[in-house]
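Below is one structure, written out as structure tokens; the observations come after it.
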Amino acid sequence: SGSTKQLLKGQALNQFLLRKTGITWDSVPIQDVAIRDLRNDSFDIFREQAVLSKRMDKKDIDSSNEQLLDSLNLLDQGMLKRAAVLLFHHNPEKWIPGTYVKIGYFETDSELRYQDEIHGSLISQADKIVDLIFTKYLKAEISYRGVTRVETYPFPKEAIREAVFNAIAHKFYGTLIPIQIRVYADKIIIANDCVFPDDWTVDDLMGSHRSRPYNPLIANTFFRAGFIEAWGRGIEKIKDSSAEAGNPMPEYAVKKEDIMVTFKSLITDTTQDTTQTDISAIGNSIPMRILKVIKDNPRLSQSQIAEMLGEKHDTIKYHMRKLRLSEVIVREGTSQNGKWTIVDNKN
């Protein structure tokens, strides 16, 4: 259609301007929207987060909305740039369709149980999505430390948060396709369209690299709010959070114009089928290290095991519960005077 051809020509022009003049896609001004059209609730969220992050001067945070936008370089001779509309307008899809996030819970790849769409400004989306995933789409295991209720999720929240915020900040919104998040019992898949630098390879992305965002204005605003880092450390933080939680490393499928990251829960890769297999299949993971400690001293408490392994008590409790549910280990006796027994699945 003519509108599609016009859109593609506009995208090609934006790419040309980016290469030749340094004008970025998110810095192009939009003429038919005013500062007064932006939502104060999005500014409120940003100011609250910016105070917590301590990445902006207090005078800029306390200034008017117009002055705040100017300090974030989101104005062009009084006109709002695309980034400003995306970040702070309650309905940016009026100008840029597809500016939202789809979340679905799947029993299988073809069986969708329920879904949500999160619309609104990018600031408000970032404020809602991670909480929605962890309150509606994931089930936490409940335990108690004394009288304190402890919730343990199958995926590290910090890693999921980093992946979601990076998807929002670095998405190529010119494709008009929403970010898609698929949640399963044993994995989460986050997929979005993006544009990588021409001279980058997959190894560049996965290794240490300097920050070169396609949407520098959006990325800078997210950085000021404390949502993301500004040093190209997003993937490293995701890996570190996954390792600290004892989860498998996330898997990345990277193409030139899109990226998909898959988080897998620990039980899928380590304990799901251990009742039919040798426990050595768990490998040199936290569960395997727990088993080695139990084998040498079955009367240790979970706190003592955590101290020996240099891990958090909640982390050890989470993995030992998984091992017990999978009938890899059993507890005999009381919590004070009992012992751990490793089930011999070969007999």
I189 and I181: side-chain contact (heavy atoms from CB on, under 4.5 Å), yes or no, with the steps? CA-CA 6 Å; I189 302 173; I181 302 175; over 6 Å; no
With a 3.5 Å distance limit and no angle check, can you tell me whether N192 reaches the backbone of I168 through a side-chain donor-acceptor pair? no
Residue pair R47 / S63: nearest heavy atoms and the distance that separates them: NH2-O, 2.8 Å
So, Y137 and D116: side-chain donor and acceptor under 3.5 Å apart, yes or no? yes
Should we say atom CD of E257 is surrounded by more than 12 heavy atoms from elsewhere, each under 6.0 Å from it? no
Return yes if some donor-acceptor pair links the side-chain N/O of H119 with the main-chain N/O of P92 below 3.5 Å, else return no. no
In Å and rounded to the nearest 0.5 Å, what is the CZ to CD1 distance from F134 to I129? 12.5 Å
Please name the pair of heavy atoms, one in P298 and one in K295, separated by the smallest distance, quoted to 0.1 Å. CD-O, 4.4 Å
Between L309 and R289 the two heavy atoms that sit nearest each other are O-NH2, 3.0 Å
What's the spacing between S265 OG and K322 NZ if we round to 0.5 Å? 6.5 Å
Polar side-chain atom of Q67 near backbone of S64 as donor-acceptor pair, under 3.5 Å: yes
Is it the case that the side chain of Q125 and the backbone of T99 share a donor-acceptor pair, with hydrogens and angles ignored and the cut-off at 3.5 Å? yes
Would you indicate whether M79, at its atom CE, is surrounded by more than 12 heavy atoms from other residues, nucleotides or ligands within a distance under 6.0 Å? yes
Minimal non-hydrogen separation, W25 against G174, with atom names: CZ2-N, 3.8 Å
Hey, any chance I238 and V130 share a hydrophobic cluster, counting ILVMFWY side chains that come within less than 4.5 Å of each other, even indirectly? yes
So among M308, M320, Q302, E311, which one has a side chain to side chain contact (heavy atoms under 4.5 Å, CB included) with I290? M320
If the plane angle is over 60° it's perpendicular, under 30° parallel, otherwise tilted; pick one for F222 and F227. perpendicular
Less than 4.5 Å apart, any side-chain heavy atom of Y173 and any of I218? yes
R331 to W340, cation-pi by 6.0 Å centre distance and 45° axis angle: yes
Are more than 12 heavy atoms from other residues, nucleotides or ligands located less than 6.0 Å from atom CD of E307? no
Contact summary for Y114 and K136, nearest pair of heavy atoms: OH-O, 3.4 Å
Given side chains that start at C-beta, do those of V293 and Q304 come closer than 4.5 Å, heavy atoms only? no
Using modelled atom types and a 3.5 Å cut-off, is there a donor and acceptor pairing between side-chain atoms of K81 and backbone atoms of N73? yes
Taking only residues two or more places apart in sequence, or in another chain, which ones meet F106 in a side chain to side chain contact (heavy atoms under 4.5 Å, CB included)? L112, R182, Y184
Distance-only, no hydrogens or angles: does the N215 side chain make a donor-acceptor pair with backbone N or O of A169 under 3.5 Å? yes
Judged by atom type as modelled, is there a donor-acceptor pair below 3.5 Å linking the side chain of S124 to the main-chain atoms of S42? no
Donor-acceptor pair, side chain of T135 and main chain of D131, under 3.5 angstrom: yes
When you compare the side chain of R82 with that of L217, does any pair of heavy atoms fall below 4.5 Å? no
Any idea which heavy atoms bring A163 and I190 closest together, and the distance? CB-CD1, 3.8 Å
Value for CE (M249) from CG (D240), rounded to nearest 0.5 Å, stands at 7.5 Å
In terms of heavy-atom contacts, does NZ of K237 have more than 12 from other residues, nucleotides or ligands at under 6.0 Å? yes
R55/E229 salt bridge by N-O under 4.0 Å criterion: yes
Donor-acceptor contacts under 3.5 Å from residues 28-39 side chains, at least two apart:
{"residue": "D32", "atom": "OD1", "partner": "W95", "partner atom": "NE1", "Å": "2.9"}
{"residue": "D32", "atom": "OD2", "partner": "W95", "partner atom": "NE1", "Å": "3.3"}
{"residue": "D37", "atom": "OD2", "partner": "A34", "partner atom": "N", "Å": "2.9"}
{"residue": "R39", "atom": "NH2", "partner": "D41", "partner atom": "OD2", "Å": "3.3"}

